[in-house]
Amino acid sequence: MRGHSHYTYTRAMDEIIGLFPVPFMRAPATLEQALVQDLATHFSALAVRDNNSSPNLSHTEMLRPGDSPLFTEAAARIAPKLTEFGALLFGEQMPWAIKEMWVNLLDQGGRQAMHNHANSFISGVVYLTPTHPQSQTVFMKSPGGTDFAFKNEHAGTQPGPYSSDKWISPAPTPGDMVLFPSYLMHAVPPNQGKRRITMAFNAIPTRLESWGYGIQFSG
């Protein structure tokens, strides 16, 4: 009787690969509590610029890190995170500079309209007070242009990272920081809790190079 060879056939597992994902860094406890409290107390009195699109939202003026010892101290703690995050965006660790910093006061009922940040590459938010669960920062896909859009939205769908239009950032603790590409759209829903204070900033690299051509940023 002729023998039969036996072998095991293993089928390769299907794989989902996320092409060109958008990086988002969450850095807990970037600032220690003493500095967080000093920032919140000092700049609350200086946030007198009303927001154009929402009542109960005000801001300080745009400041450079050197304009305030508190900002200088905060910027020194943020700097290593910028270098780390910048390497994800540009494939190289390079020096980064914070070009402007400001503080936002969001009282009950206030909201922050959808927006992104111009003239920068990395933007960040440091949370200086507790945040109501309904007022966590929301990030969105950029609005489409003039193309028609079709969606599949009903009670039976389960939105995921490839089909959702928005993502709610994790609940922050005072001192936590998030970094994201400046082009990423984001907003804050109406605040249903106590005053929400955040420090925001924009950063740029000192230079970018592309095959013999370079761009220098200075300020």
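Everything quoted here is computed from the prediction, not taken from an experiment. Below, each value reflects all heavy atoms present in this structure, side chains not excepted, and no hydrogens, waters or symmetry copies.
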Completion exercise
Minimal heavy-atom distance between Ala76 and Pro80, with the atoms involved, is O-CD, 3.4 Å
Completion exercise
Separation between CD1 (Ile197) and OG (Ser44), nearest 0.5 Å, reads 3.5 Å
Exercise for the section: Kindly determine whether Asn56 and Gln108 satisfy side chain to side chain contact (heavy atoms under 4.5 Å, CB included), including the steps that lead there. Expected result: CA-CA 7 Å; Asn56 301 326; Gln108 192 171 58; over 6 Å; no
Practice task
Without swapping roles, check the side chain of Ser164 against the backbone of Pro161 for a donor-acceptor pair under 3.5 Å.
Solution key: no
Handout entry: Atom pair CG/CD of Leu179 and Glu84 - distance to nearest 0.5 Å
Key = 9.0 Å
Completion exercise
Heavy-atom closest pair (Ser169 atom, Tyr127 atom, distance to 0.1 Å) is OG-OH, 4.2 Å
Handout entry: Those residues that, when tested against Asn116, pass side chain to side chain donor-acceptor pair (under 3.5 Å) (two or more places apart)
Key = none
Practice task
Locate the shortest heavy-atom distance separating Pro174 from Pro130; write the atom from each residue and the value.
Solution key: CG-N, 3.6 Å
Handout entry: Distance-minimising heavy-atom pair for Pro189 and Gln136
Key = CD-O, 3.4 Å
Practice task
State, yes or no, whether a side-chain contact exists between Leu39 and Val126 at a heavy-atom distance under 4.5 Å.
Solution key: no
Fill in the blank from the handout: In short, Thr157 meets Pro159 closest at the heavy-atom pair O-CD, 3.7 Å
Exercise for the section: Give the other cluster members for Met140, using side-chain heavy-atom distances under 4.5 Å between Ile, Leu, Val, Met, Phe, Trp and Tyr residues; answer none if it is isolated. Expected result: Met114, Val138, Ile168, Met185
Practice task
Report yes or no: does Arg196 contribute a side-chain atom to a donor-acceptor pair with the main-chain N or O of Ser135 at less than 3.5 Å?
Solution key: yes
Handout entry: Listed partners of Glu61 passing side chain to side chain donor-acceptor pair (under 3.5 Å), at least two apart
Key = none
Problem - Distance (rounded to the nearest 0.5 Å) between Ser68 OG and Met101 CE - result: 8.5 Å
Exercise for the section: Could I get the full list of side chain to side chain donor-acceptor pair (under 3.5 Å) partners for Glu92, not counting sequence neighbours? Expected result: Arg207
Practice task
Could you tell me the separation between the CD1 atom of Ile204 and the CG atom of Asn119, rounded to the nearest 0.5 Å?
Solution key: 9.5 Å
Fill in the blank from the handout: Met62 meets the side-chain contact (heavy atoms from CB on, under 4.5 Å) criterion, sequence neighbours left out, with Glu100, Trp102
Handout entry: Ile16-Met13 co-clustered via ILVMFWY side chain contacts under 4.5 Å
Key = no
Problem - All salt bridge (Lys or Arg N to Asp or Glu O under 4.0 Å) counterparts of Glu73, not counting sequence neighbours - result: Arg77
Handout entry: Any Trp96 side-chain heavy atom under 4.5 Å of Ile78 side chain
Key = no
Problem - Joint cluster assignment, Val188 & Phe139, ILVMFWY side-chain distance < 4.5 Å - result: no
Handout entry: Residue Lys166 excluded, over 12 heavy atoms near NZ under 6.0 Å
Key = no
Problem - Pairing residues for Ser54 by the side-chain contact (heavy atoms from CB on, under 4.5 Å) criterion, not counting sequence neighbours - result: Asn51, Leu57, Arg111
Exercise for the section: Look at the side-chain heavy atoms of Ile, Leu, Val, Met, Phe, Trp and Tyr, link any pair under 4.5 Å apart, and say whether Leu82 and Leu184 land in one connected group. Expected result: no
Practice task
Using a 4.5 Å cut-off on heavy atoms from C-beta on, say whether the side chain of Phe217 contacts that of Leu208.
Solution key: yes
Exercise for the section: Check whether Leu31 and Met25 end up in the same hydrophobic cluster, where Ile, Leu, Val, Met, Phe, Trp and Tyr are linked by side-chain heavy atoms less than 4.5 Å apart. Expected result: yes
Practice task
Report yes or no: does Asp176 contribute a side-chain atom to a donor-acceptor pair with the main-chain N or O of Ala29 at less than 3.5 Å?
Solution key: yes
Fill in the blank from the handout: Residue set satisfying side-chain contact (heavy atoms from CB on, under 4.5 Å) with Leu89, at least two apart, ordered chain then number -> Pro23, Phe85, Ile122, Pro181
Fill in the blank from the handout: With sequence neighbours left out, the residues meeting side-chain contact (heavy atoms from CB on, under 4.5 Å) with Asp67 are Leu63, Arg64
Completion exercise
Thr198 meets the side chain to side chain donor-acceptor pair (under 3.5 Å) criterion, sequence neighbours left out, with Asn104
Practice task
Evaluate whether atom NZ of Lys81 has more than 12 neighbouring non-hydrogen atoms of other residues, nucleotides or ligands under 6.0 angstrom away.
Solution key: no
Practice task
Please answer whether the main-chain N or O of Pro65 pairs with a side-chain N or O of Thr72 as donor and acceptor at a distance below 3.5 Å.
Solution key: yes
Handout entry: Side-chain (Thr41) to main-chain (Gln37) donor-acceptor, under 3.5 angstrom
Key = yes
Problem - Enclosure of Leu19 CG (heavy-atom neighbours >12, cutoff 6.0 Å) - result: yes
Practice task
Classify the ring geometry between His117 and Phe180 as parallel (under 30°), tilted (30 to 60°) or perpendicular (over 60°).
Solution key: perpendicular
Completion exercise
So ring-ring contact (aromatic ring centres under 6.0 Å, His included) across residues 151-177, not counting sequence neighbours, yields Phe24-Trp167
Fill in the blank from the handout: The complete set of ring-ring contact (aromatic ring centres under 6.0 Å, His included) pairs with one or both residues in residues 35-64, sequence neighbours excluded, reads Phe43-Phe71
Exercise for the section: Establish whether Leu35 and Val178 are linked, either directly or via other cluster members, by ILVMFWY side-chain heavy-atom contacts under 4.5 Å. Expected result: no
Handout entry: Value rounded to 0.5 Å, distance of OG in Ser210 from CD1 in Ile215
Key = 8.5 Å
